[in-house]
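Just below is one structure, and these are the notes that go with it.
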Amino acid sequence: MRTLYAEALEYPEDVFEDEVQLESELGVDSVKQVELLSRVSSRYGLPPRESGFRLATYNTMGKITDFVLQQLNDQGAHAPASATG
């Protein structure tokens, strides 16, 4: 994810530490943040965001990473178990 953000925003990848504030520290406006989150969602096959989703809640790289990991974990928990044997 850091690579995707770094390439899209033309920043060095090491700028995207967990606590970096995307808007206030890096100047990434909300429109660009939505676009980037859509790219991440597409890349990782995430479900559509719920209607109560608030981008402002995910204002750091770490929070976005946690959100994506939670979505992936939730998908795995709801996936049907494969039959073996």
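- Nearest heavy atom pair, residue Lys63 against residue Thr57, reads CD-O, 3.3 Å.
- Scanning all heavy atoms of the two residues, the minimum distance from Pro47 to Gln75 falls at CD-NE2, 3.3 Å.
- Between Val28 and Glu23 there is no side-chain heavy-atom pair separated by less than 4.5 Å.
- A heavy-atom distance below 4.5 Å is not found between the side chains of Arg43 and Met1.
- Here the NZ-CG distance, from Lys32 to Leu22, works out to 12.5 Å after rounding to the nearest 0.5 Å.
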Thr3 and Glu13: side chain to side chain donor-acceptor pair (under 3.5 Å), yes or no, with the steps? CA-CA 6 Å; Thr3 301; Glu13 195 170 322; 2.9 Å; yes
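- Counting heavy atoms from C-beta on, the side chains of Tyr5 and Val15 never come closer than 4.5 Å.
- Tyr44 and Leu69 are assigned to two separate hydrophobic clusters, defined by single-linkage of ILVMFWY side chains at heavy-atom distances under 4.5 Å.
- Aromatic ring orientation, Phe53 versus Tyr58: parallel (interplanar angle below 30°, classes split at 30° and 60°).
- One distance of note links CG of Leu4 with CZ of Arg39; it measures 6.0 Å at 0.5 Å rounding.
- Here the CG-CG distance, from Leu55 to Leu36, works out to 10.0 Å after rounding to the nearest 0.5 Å.
- With rounding to the nearest 0.5 Å, the separation of CD in Glu19 from OG1 in Thr60 is 5.5 Å.
- A distance of 10.5 Å separates CG of Leu46 from OG of Ser38, quoted to the nearest 0.5 Å.
- The two residues Pro12 and Ala6 make their nearest non-hydrogen contact at C-CB, 4.2 Å.
- Within 6.0 Å of CD on Glu17 lie no more than 12 heavy atoms contributed by other residues, nucleotides or ligands.
- Using modelled atom types and a 3.5 Å distance limit, the side chains of Gln70 and Asp66 yield no donor-acceptor pair.
- Proximity of Ser41 to Gln71: side-chain heavy atoms (C-beta onward) are nowhere separated by under 4.5 Å.
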